[in-house]
Amino acid sequence: MKSRSQDQSLSDSRELDRSYDPLTGNPPSKPIKKTIKQRFLKLLPCYRSGSSLSSNQSNISGDAEVSTVCYRPEGLDQLVQQTSFSKKELQVLYRGFKNECPSGVVNEETFKNIYSQFFPQGDSSMYAHFLFEAFDTNNNGSVSFEDFVISLSIILRGSITDKLNWAFNLYDLNKDGCITREEMTDIMRSIYDMMGKYTYPNMKDSAPKEHVDNFFQKMDKNNDGVVTIEEFLETCQKDENIMQSMHMFDNVI
């Protein structure tokens, strides 16, 4: 017999993916129209681990109706509070995520494989690695629905400061609170590798180093060889081009 917490988890999950009407208990009368979000989610890989499940997960997956789901997100109301998405938007996002990722989590290997399809002319594996680590907020080697939607909320609808903090965290590879020349060089090389050698106009081999030099000339105010979050925020907020780029995805969803 299921515990009350398991029943609540199942209810929250059904409410998330709209597999039932919370008022009547019946399936929704009309199918949800596919949106940009669902098309985007179809590009996400899913982690189908062969490892054994925990006893709690095993009990949940024993239910025939949700047998393919190995991981359940937190309740819908909690995610509404943690993100800038509405209840309906979260339902659509979760439905697409669950359909494409039945186990409920994405691992790095399959994330890289999918990401490489966007850049067939280059090698995107290293940049995808950095991006995956930025999404993997719990540092457990997988990205859950919560991880995904919280980061997506920041990227698409966060404040300028939130977006800049997220970008800084991406560049701060060892998460020690500052960006070194080595870290920025690794980032720039991964971007150029991802773009490939056959770009137009052709990029010089020295281009990554030149970008790093420009970055530190602009950002490293006290010339101590590292860029702190304070320096990063101050410089970015005074740069008109950077500020415009922060609004690039405002109307995606």
Side-chain angles (χ1 to χ4, degrees), residues 34-51 70-71 73 83 85 89-90 92-158 162-175 179 182-200 203 207-208 211-212 215 245-246 248-253:
K34 287 188 177 181
T35 65
I36 293 174
K37 291 167 282 190
Q38 288 174 304
R39 296 189 186 101
F40 172 74
L41 282 165
K42 280 188 174 296
L43 297 171
L44 287 173
C46 56
Y47 177 37
R48 295 178 175 87
S49 174
S51 60
C70 304
Y71 174 84
T83 70
F85 296 125
E89 288 170 332
L90 285 168
V92 175
L93 283 167
Y94 182 64
R95 188 178 182 88
F97 191 93
K98 193 182 75 170
N99 286 342
E100 297 303 317
C101 307
S103 65
V105 290
V106 181
N107 75 348
E108 183 174 345
E109 181 180 358
T110 47
F111 184 88
K112 287 181 178 179
N113 290 337
I114 293 296
Y115 203 78
S116 66
Q117 297 177 26
F118 291 98
F119 303 94
Q121 76 280 11
D123 179 4
S124 63
S125 59
M126 187 53 67
Y127 187 79
H129 165 72
F130 298 144
L131 191 61
F132 182 86
E133 289 197 330
F135 274 90
D136 180 16
T137 55
N138 293 319
N139 299 314
N140 60 2
S142 64
V143 174
S144 67
F145 178 69
E146 291 97 328
D147 295 331
F148 169 73
V149 79
I150 288 172
S151 288
L152 191 65
S153 175
I154 293 172
I155 295 169
L156 299 184
R157 296 184 179 174
D162 289 339
K163 292 178 180 179
L164 290 174
N165 272 292
W166 196 91
F168 184 89
N169 182 66
L170 172 64
Y171 301 149
D172 180 14
L173 300 181
N174 66 357
K175 315 306 178 193
I179 302 171
E182 291 75 14
E183 288 174 325
M184 202 62 205
T185 298
D186 287 343
I187 288 286
M188 292 310 306
R189 283 177 177 168
S190 72
I191 292 174
Y192 277 88
D193 286 345
M194 179 173 62
M195 299 306 296
K197 297 180 180 180
Y198 304 105
T199 58
Y200 181 84
M203 292 179 291
H211 271 85
V212 173
F215 177 86
S245 71
M246 291 292 101
M248 185 181 302
F249 301 109
D250 282 358
N251 298 315
V252 170
I253 296 181

Is any side-chain heavy atom of E183 closer than 4.5 Å to one of N174?
yes

Under 6.0 Å from the NE2 atom of H129, do we count more than 12 heavy atoms belonging to anything else shown?
yes

Taking only residues two or more places apart in sequence, or in another chain, which ones meet D147 in a side-chain hydrogen bond (donor to acceptor under 3.5 Å, both in side chains)?
T137, S144

Taking only residues two or more places apart in sequence or in another chain, which ones pass side-chain contact (heavy atoms from CB on, under 4.5 Å) with N140?
D136, N138, S142

Considering residues at least two apart in sequence or located in another chain, which fulfil the side-chain hydrogen bond (donor to acceptor under 3.5 Å, both in side chains) criterion with S125?
D123

Quick one: side-chain contact (heavy atoms from CB on, under 4.5 Å) partners of T185, sequence neighbours excluded?
R189, V212

Excluding sequence neighbours, so at least two apart, what forms side-chain hydrogen bond (donor to acceptor under 3.5 Å, both in side chains) with N165?
none

For F132, all residues meeting ring pair (Phe, Tyr, Trp, His ring centres under 6.0 Å), sequence neighbours excluded:
F111

To the nearest 0.5 Å, how far apart are CZ in R95 and CG in L90?
14.5 Å

Separation between CG of L173 and CD1 of I187, rounded to the nearest 0.5 Å:
4.5 Å

Minimum heavy-atom separation for D186 to F130, with atom names?
O-CE1, 3.7 Å

Under the rule for ring pair (Phe, Tyr, Trp, His ring centres under 6.0 Å), what residues qualify as partners of Y171, not counting sequence neighbours?
none

Counting N and O atoms only, with roles assigned by atom type, does the side chain of Q121 sit under 3.5 Å from a partner on the main chain of M195, one being a donor and the other an acceptor?
yes

For S124 versus M194, what's the shortest heavy-atom pair and its separation?
CB-CG, 3.6 Å

Counterpart residues, ring pair (Phe, Tyr, Trp, His ring centres under 6.0 Å), relative to F119 (two or more places apart)
Y115

Taking only residues two or more places apart in sequence or in another chain, which ones pass side-chain contact (heavy atoms from CB on, under 4.5 Å) with S151?
F135, W166

Please list, chain by chain and in numerical order, all residues satisfying salt bridge (charged side-chain N to carboxylate O under 4.0 Å, His left out) with E108, sequence neighbours excluded.
K112

Less than 4.5 Å apart, side chain to side chain, heavy atoms only: is that true for Y94 and V149?
no

side-chain contact (heavy atoms from CB on, under 4.5 Å) against E109, all qualifying residues, sequence neighbours excluded
N107, N113

Pairwise side-chain contact, Y192 with H211, heavy-atom cut-off 4.5 Å (strictly under)
yes

